[in-house]
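Data first, discussion second: the structure below is written as structure tokens.
Labels below follow one simple rule: chain letters A, B, ... track the order of the sequence lines, proteins then strands, and each chain is numbered from 1. Hydrogens, waters and symmetry mates are skipped; everything else that's a heavy atom, side chains included, is used.
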Number of protein chains: 2
Amino acid sequence: MVMQSLQLDRVFRALGDPTRRAMLGRLSRQEHTVGELAEPFKMSLAAASKHIKTLEQAGLVRRTVRGRTHYCQLNPQPLADANDWLRSYERLWTKRLAALEAFLRHPEKE
Amino acid sequence: MVMQSLQLDRVFRALGDPTRRAMLGRLSRQEHTVGELAEPFKMSLAAASKHIKTLEQAGLVRRTVRGRTHYCQLNPQPLADANDWLRSYERLWTKRLAALEAFLRHPEKE
DNA sequence: CGATTGCATAACCATATGGTTGAATATATC
DNA sequence: GATATATTCAACCATATGGTTATGCAATCG
């Protein structure tokens, strides 16, 4: 059930680019063609196409080809896996937030 | 309150490497010196030092210098920020998981 | 003082990444 | 069949990344 390390590498690296995160944002609302996904950016279609390929290899995007048009949809599973990895650190940041809250409530104790 | 896009880039990219994730894992349990963090890996100290610098620039590691020794500790805040970003997609994967569960319970309906 | 330790920095190398343009491919349209 | 559309692919370029070894430097040890 646990995600392979190499696949987690691909997911986190795919998320480490603002163009790709923006594409995922649009796909979270609706399916889009490659052309539609590329349109908001001022890079070439070929460059956008490479970003989509990166997302696909990370498992974040599924592609369906109908005729000459490629339809992309978001596959949220790798996001859930990345979230699982992050959540194993959750107690650390909640502990810190709790300490911050306590301080804001009773600064004299610090 | 929202994390800068560029900082989110740095955090996700920092997480996209197994050496750095392993370092964070150790730091989640205990503070460590640069030498201690480097020791488990079969790369040079200089290479490990660069990874630590990357983590530091992503805000994930804080360094305290005492004498000639550098002590590193985990700062979980950027992990919380990355988690916040991911959680904005949560409804998508829970919806999908719910559908899968429903199917496993009543396969005939599919 | 001299040697050793803990670490950063510099120079270098190979490969990856993110972009470009131009050509190829397949499907639609006239 | 000819042309237009949707997209990939190939070649190329600049910069980033992840590694190396060698060097430097401050702090500690003997």
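- Taking only distance into account, the side chain of R68(A) never meets the base of dT7(D) through a donor-acceptor pair shorter than 3.5 Å.
- Residue-to-nucleotide proximity on DNA chain D shows that, of Y71(A) and D17(B), the 5′-proximal contact is made by Y71(A).
- Side chain of A46(B), nearest nucleotide from dT9(C), dG18(C), dT17(D): dT9(C).
- The separation between K42(A) atom NZ and dT21(C) atom P is 13 Å, rounded to whole Å.
- Phosphate proximity of dA6(D) to T69(A): absent, as no side-chain N or O sits under 4.0 Å from OP1 or OP2.
- Rounded to whole Å, the distance from CG on L45(A) to C1' on dG19(C) is 13 Å.
- For the pair R13(A) (side chain) and L8(A) (backbone), a donor-acceptor distance under 3.5 Å is absent.
- Atom CD of E36(A) is separated from atom P of dA6(D) by 10 Å (rounded to the nearest Å).
- Within the 4.0 angstrom heavy-atom criterion, no nucleotide atom of any strand lies near T54(A).
- The NE2-P distance, from H51(A) to dT17(C), rounds to 12 Å in whole Å.
- The shortest distance between the side-chain N/O atoms of H70(B) and the OP1/OP2 oxygens of dA8(C) is below 4.0 Å.
- Of the possible polar contacts, one joining the T94(B) side chain to the E90(B) backbone as a donor-acceptor pair under 3.5 Å is found.
- Of the possible donor and acceptor atoms, none in the side chain of Y71(A) sits under 3.5 Å from a partner among the backbone N and O of R62(A).
- Taking atom CD1 on I52(A) and atom P on dG19(C), their separation rounds to 12 Å, with Å as the unit.
- The CG atom of D9(B) sits 15 Å away from the P atom of dT17(C) (whole-angstrom rounding).
- Residues M3(B) and V11(B) are in side-chain contact: their nearest non-hydrogen atoms beyond the backbone lie under 4.5 Å apart.
- To the nearest angstrom, C1' of dA26(D) lies 17 Å from CZ of R66(B).
- Close to dG18(D), at under 4.0 Å from its OP1 or OP2, lies a side-chain N or O of R20(B).
- Residue contacts for T33(A): at a heavy-atom cut-off of 4.0 Å it reaches the sugar-phosphate backbone alone, with no base atom in range.
- In this structure, the CZ atom of R13(B) is 10 Å from the C1' atom of dT17(C), given to the nearest Å.
- Between the side chains of T54(A) and R10(A), not a single donor N or O lies within less than 3.5 Å of an accepting N or O.
- Counting only heavy atoms from C-beta on, K50(A) has its side chain closest to dA11(D) among dT8(D), dA11(D), dG18(D).
- Regarding contacts with the backbone of dT20(D), a side-chain N or O of S44(B) is found under 4.0 angstrom from either OP1 or OP2.
- Map V34(B) and G16(A) each onto its nearest nucleotide of DNA chain C; the residue landing nearer the 5' end is V34(B).
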